Protein chains: 2
Amino acid sequence: MAARARRAEVGVMDLARDLGVSTATISRALNGNPAVRPELAERIRQHAEARGYVANRLARALSANTSHAFVGFVIPYVDTPAYSAVAAECARLLSANGTQMILTITENDPERELRQLKELVASRVAGLIISPSTHILDPTKQLLASLPVVQFHRACGIDAPGVFGDDEQAMAQSVLHLAALGHTDIAYLGTSELLSNGAARLRGIRRGMALAGLDPDEMPMRLLEPTRANGRRGVEQLLMEPGTPTALVVGGGSLSIGAAQAVRASGRRLPDELSLVVYGDPAWFALSDPPLTTVCVSYQDLACRAARLLGERLDDRQPPRGGATPVPDPGPYLVTPELCPAGSTAPPPGRRRG
Amino acid sequence: MAARARRAEVGVMDLARDLGVSTATISRALNGNPAVRPELAERIRQHAEARGYVANRLARALSANTSHAFVGFVIPYVDTPAYSAVAAECARLLSANGTQMILTITENDPERELRQLKELVASRVAGLIISPSTHILDPTKQLLASLPVVQFHRACGIDAPGVFGDDEQAMAQSVLHLAALGHTDIAYLGTSELLSNGAARLRGIRRGMALAGLDPDEMPMRLLEPTRANGRRGVEQLLMEPGTPTALVVGGGSLSIGAAQAVRASGRRLPDELSLVVYGDPAWFALSDPPLTTVCVSYQDLACRAARLLGERLDDRQPPRGGATPVPDPGPYLVTPELCPAGSTAPPPGRRRG
DNA sequence: TTGAAAGCGCTAACAT
DNA sequence: ATGTTAGCGCTTTCAA
C-alpha cells in the first residue's frame with residue numbers, strides 16, 4: 001500500500017487541497033508563523049509529516065529572497081587536517097542550523113577560486129567561510145566584499161573577520177626554547193611571506209632570534225610553498241649548507257611532515273645530532289620516534305570560532321534601518337598554539353660534550 | 001563610477017531590456033542554444049559579461065525541473081584521508097562539470113544521516129555520493145532508492161553501484177606474508193563485521209589463515225568501531241592475552257594509527273618482538289620507525305572512480321521511454337590495495353634464534 | 001486568523 | 001530565429 005509512495009513529490013498545493021486550506025496557511029504553519037491557530041498548525045504539520053512532505057529548498061530560497069539555505073566553504077585543500085578539521089566542525093554547526101555547506105577546493109589557484117566564488121554567489125549563498133589562495137585576484141576581493149565572509153588560516157586584506165593561529169607568538173617561543181637549550185645555529189624552514197600566516201611565522205622567528213640575542217639576518221632559512229615535498233626539499237638544502245645548523249624550526253604543517261621524513265632519511269639522529277621543532281596537529285606526529293617537539297594548534301577550536309563567527313555575521317543580516325552596525329567588530333580571533341617540548345629537542349652536541 | 005556596482009542584481013530581464021530582445025532569447029543565448037543567431041548570441045554574452053550578470057542557480061534549477069546544480073556528498077567523517085581524499089577528488093571533478101558539492105557529515109549517526117539525506121533531496125540534488133553509516137535506517141534506504149547514488153568504502157545493501165577497496169584479497173595476502181615469515185600466532189584487530197568493509201577484511205584474514213594451514217577459529221582478535229582510541233585499546237587487550245601473538249594485523253586506517261602508537265607505547269620492539277601489518281594511506285605512517293609493512297590503498301584512484309561513476313549515472317537521467325536501462329551495471333568497482341612489506345615484519349623471535 | 005494573488009529569476013512550450 | 005506566456009514551488013504582501 002504505502003509502498004507505492006513513488007516520486008509523488010508532494011507540494012504545498014497538495015497539502016492545501018487535502019486539508020481544505022490555502023497554501024499560505026500551509027506555508028505559515030510549516031514555518032512556525034504564530035498567526036496560525038495552534039490546533040490547525042499542528043494538524044497541518046502532522047499531515048505534512050504523514051504525506052512525507054519535504055519543502056523544496058530551492059523554491060524556498062528563491063522566494064524568500066534571503067535565506068540561510070547555503071553557505072560556501074572555500075579552501076585550498078581538504079586533505080590536510082588544518083582544513084578538514086575545520087570543514088568537519090563547520091559542517092556540524094551549520095547543519096544544526098539547517099544550513100547546507102557547499103564545499104569548494106581551489107587548490108590555491110586564483111582563477112579557480114574566482115570562478116568558484118562566482119558560482120557560489122550564483123547559488124545565493126548566505127555567506128562564505130574561506131581560506132584564500134595565495135595570490136588572490138582583485139575581482140575576487142570585490143566579490144568577497146559583497147557578502148558576509150569569515151576567513152581563516154590566511155588573511156587576504158579584505159574587511160572581514162577571521163580566525164587565525166597566533167603563530168608569531170608561538171614561533172618566537174620555539175626559538176627561545178632552542179636558545180635556552182644552548183643553540184645558536186638555528187635554521188628556519190617556513191612558508192612564503194606572501195601568505196599572511198607565512199609572514200606571521202617568520203616575524204615570530206625573527207623576534208625570537210632577536211630576543212635570544214641572535215642575529216636574525218644570519219639565520220639560514222628557506223621559504224617555500226607549503227607541501228610535503230617542499231618540506232623534504234627544504235631540509236635537504238638547509239642541511240647541506242656550510243655551517244650546518246644544530247637546530248631546525250619548521251613553520252607549517254605539511255612542511256613539517258616532509259621535513260621530519262627528510263631528517264630521518266638523512267640519518268641524523270634526533271635530538272643528538274639535530275634538534276627539531278615542528279608545527280601542526282600533534283596527531284600527525286604521533287608515530288614518530290622520538291616524539292617531536294611541536295607547536296600544537298587546536299584546529300577544532302579554530303573551527304568552532306570560525307563557524308560561530310559566520311553564524312553571527314549571518315544574523316546581522318537585514319539591519320532594519322540606519323547604516324551603523326550595532327555589533328562592534330572584535331577584530332581577528334587568535335587561537336594560541338602551544339609549544340609542547342618533547343624528545344626531539346636537546347642541547348646542541350657541542351654543549352653536551354663540554 | 002563603476003565602483004557603485006552595488007547589489008544591482010542584474011537579471012535576464014535587465015539584459016533583455018538593454019538589448020531590446022526577449023528574456024527567452026537571453027536565456028537561449030546564455031545556454032548555448034543553437035537556435036540563436038550566432039552574432040546576436042555573442043553580443044548577448046558579451047553584454048552579460050559586461051554587466052556582471054551571474055545566473056541565479058536556484059531559479060535555474062527550480063525552473064528546469066531537473067538539473068545538475070548540486071550533488072550531495074555524505075560521509076561519516078572528513079578528517080581522515082580515506083574520506084577527505086575522496087572529497088577532494090570529487091569536488092574537483094564535479095566542479096569541472098559545473099556542479100556544486102554539498103558536504104554532509106554523519107558522524108556515523110543513522111538519525112543524523114537520515115535527516116541530512118532528507119535535506120539533500122529537499123535541495124533537489126541530482127545525485128548522491130555516500131559512505132553509509134554503520135546501522136543505516138530503513139527509511140534511509142528507501143530514500144536512497146529514489147535517486148542516483150554511488151556508494152564508496154562501505155556498502156549498505158542498496159541497489160547502487162559503488163567503489164570499494166578489495167580488502168578481502170589484501171588482508172589474506174598480509175596473513176600469508178606473515179605465515180611465510182614463519183609466524184603461527186597471528187592476531188587480528190579489525191572493524192565491526194556490521195560494516196561491509198569490516199566483514200570483507202575479516203573474511204580475507206580467515207581465508208589467509210586457512211590457506212596458510214592455520215586455524216582461523218584459534219586466532220585472537222578484536223573487532224571494534226574504527227577509531228584511533230580503539231586501535232590503542234585493541235592492541236592493549238590483544239597483547240595482554242595469554243599466548244601473546246608474535247604478529248598483529250590491523251584492518252582499518254584509524255585503528256592502525258592507534259595500534260602503532262600503542263605498540264610503541266608498550267615498549268615492544270618492531271619487528272624483533274612483534275611483527276606488525278597496518279592498513280591505510282602510507283602517508284600516515286611515513287614518520288614511523290621502522291617503516292611499517294602496510295596494506296596500501298589508493299584513495300585517489302577510488303575517488304576518481306566514484307566521481308566518474310556518479311557522472312555516468314547522472315547522464316543516465318531521463319531515459320526517454322521504456323523501462324530497460326541500456327547501460328549494464330558493471331557491478332562494484334574494486335580498487336586493489338597493495339601489500340608493501342617494510343621493516344615492521346620479520347620472522348618471529350623463536351625462528352630467528354633457532 | 002485565513003485566503004487570493006503577485007511574485008522570486010529563470011526555462012520551455014507554443015506561437016509567430 | 002525570436003517573442004509570448006506559463007509555469008517551477010514556495011513566501012508574502014494585501015484584503016477580508
Side-chain angles (χ1 to χ4, degrees), chain A residues 7-45 48 51-70 98 118-119 121-126 318, chain B residues 7-45 47-48 51-70 98 119 121-126 318:
Chain A
R7 288 284 77 197
E9 288 299 8
V10 188
V12 276
M13 304 243 315
D14 301 280
L15 300 182
R17 204 176 309 117
D18 291 352
L19 267 42
V21 300
S22 77
T23 63
T25 302
I26 299 287
S27 172
R28 288 194 268 253
L30 262 23
N31 292 319
N33 185 324
V36 183
R37 186 162 34 94
E39 169 211 310
L40 212 208
E42 187 50 32
R43 206 152 59 85
I44 290 180
R45 272 185 288 254
R51 292 219 41 185
Y53 169 79
V54 275
N56 185 326
R57 294 175 69 111
L58 304 181
R60 190 183 288 223
L62 181 61
S63 178
N65 214 339
T66 170
S67 95
H68 288 191
F70 304 108
K118 278 189 189 155
E119 291 295 311
V121 327
S123 289
R124 297 300 185 265
V125 291
Q318 320 220 83
Chain B
R7 288 285 78 197
E9 287 300 8
V10 188
V12 276
M13 304 244 314
D14 301 281
L15 300 182
R17 205 177 308 118
D18 290 352
L19 267 44
V21 299
S22 76
T23 64
T25 302
I26 299 286
S27 173
R28 287 194 268 254
L30 260 25
N31 293 320
N33 185 323
V36 183
R37 186 161 34 94
E39 169 210 309
L40 212 207
E42 185 52 30
R43 208 151 57 87
I44 291 179
R45 272 184 288 253
H47 184 71
R51 292 219 40 184
Y53 169 79
V54 275
N56 185 326
R57 293 176 70 115
L58 304 181
R60 188 180 286 207
L62 182 60
S63 178
N65 213 339
T66 170
S67 94
H68 287 191
F70 304 108
E119 290 296 310
V121 330
S123 288
R124 297 299 186 266
V125 291
Q318 321 221 79

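Note that the structure is predicted; figures quoted are calculated from it, not measured. Letters A, B, ... are given to chains in the order of the sequence lines, protein chains preceding strands, and every chain is numbered from 1.
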Asker: Without decimals, in angstroms, what is the distance between Leu62(B) CG and dC10(D) P?
Answerer: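 These atoms are roughly 9 Å apart.
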Asker: Quick one: which of dG3(D), dT2(C), dG9(C) gets closest to the side chain of Ala24(B)?
Answerer: dG3(D)
Asker: Nearest to the side chain of Tyr53(B), heavy atoms from C-beta on, is which of dC10(C), dT2(D), dT2(C)?
Answerer: dC10(C)
Asker: What is the distance, to the nearest angstrom, from the CE atom on Met13(B) to the P atom on dT11(C)?
Answerer: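 So the two atoms are 14 Å apart, to the nearest Å.
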Asker: Among the nucleotides dT5(D), dC10(D), dG9(C), which one has an atom lying closest to any side-chain atom of Thr23(B)?
Answerer: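 When the side chain of Thr23(B) is considered, dT5(D) is the closest of dT5(D), dC10(D), dG9(C).
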Asker: Roughly, in whole Å, what's the span from CD1 in Ile26(B) to P in dC10(C)?
Answerer: 10 Å
Asker: Expressed as a whole number of angstroms, how long is the span from Ile44(A):CD1 to dT1(C):P?
Answerer: 14 Å
Asker: About how many Å separate NE2 of His47(B) and CG of Asp14(B), when rounded to the nearest 0.5 Å?
Answerer: 8.5 Å
Asker: What contact category does Ala64(B) fall into here, base, sugar-phosphate, or nothing, at under 4.0 angstrom with non-hydrogen atoms?
Answerer: sugar-phosphate
Asker: If you look at every strand shown and take non-hydrogen atoms under 4.0 Å, does Ala55(A) touch a base, only sugar-phosphate, or nothing?
Answerer: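 It contacts sugar-phosphate atoms only.
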Asker: Let me know the distance between CG of Asp14(B) and P of dC8(C), rounded to the nearest Å.
Answerer: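 After rounding, the reported distance stands at 11 Å.
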Asker: Return the value, rounded to whole Å, for the distance between atom CZ of Arg51(B) and atom P of dG9(C).
Answerer: 14 Å
Asker: Roughly, in whole Å, what's the span from CG in Leu40(A) to P in dT1(C)?
Answerer: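 So the two atoms are 11 Å apart, to the nearest Å.
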Asker: For a quick test of reading the model: is some side-chain N or O of Thr25(A) closer than 4.0 Å to OP1 or OP2 of dG3(C)?
Answerer: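 It does, given that an N or O in the side chain of Thr25(A) lies less than 4.0 Å from OP1 or OP2 of dG3(C).
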Asker: Among the candidates dC10(D), dT11(C), dT2(C), find the nucleotide nearest to the side-chain atoms of Asn56(A).
Answerer: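 Of dC10(D), dT11(C), dT2(C), dC10(D) is nearest to the side chain of Asn56(A).
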Asker: Got a donor-acceptor contact below 3.5 angstrom from the Ser67(B) side chain to the Ala69(B) backbone?
Answerer: yes
Asker: Does the base of dG9(D) carry an N or O that pairs as donor and acceptor with the side chain of Arg57(A) under 3.5 Å?
Answerer: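 No.
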Asker: Does Arg28(B) get its side chain close enough to the base of dG3(D), under 3.5 Å, for a donor-acceptor pair?
Answerer: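 Side chain to base: pair present.
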Asker: Can you see whether Phe70(A) has Arg57(A) sitting over its ring - NZ or CZ less than 6.0 Å from the centre and within 45° of the normal?
Answerer: yes
Asker: Which nucleotide wins on minimum distance to the side chain of Ser63(B), given the candidates dC10(D), dG3(D), dT11(C)?
Answerer: dT11(C)
Asker: Can you find a side chain N or O atom of Asn65(B) that sits less than 4.0 Å from OP1 or OP2 on dG9(D)?
Answerer: yes
Asker: What is the distance, to the nearest angstrom, from the CZ atom on Arg17(B) to the C1' atom on dG3(D)?
Answerer: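 These atoms are roughly 16 Å apart.
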Asker: Is there a donor-acceptor pair under 3.5 Å between the side chain of Asn31(B) and the backbone N or O of Asn33(B)?
Answerer: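 Not confirmed, Asn31(B) side chain does not pair with Asn33(B) backbone.
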Asker: Side-chain N or O of Arg37(A) less than 4.0 angstrom from OP1 or OP2 on dT2(C)?
Answerer: yes
Asker: Tell me whether Arg124(A) contacts the main-chain N or O of Asn56(B) through its side chain, where contact means a donor paired with an acceptor under 3.5 Å.
Answerer: no
Asker: Measure from the side-chain heavy atoms of Arg60(A) and tell me the nearest of dT11(D), dT11(C), dC10(C).
Answerer: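 That would be dT11(D).
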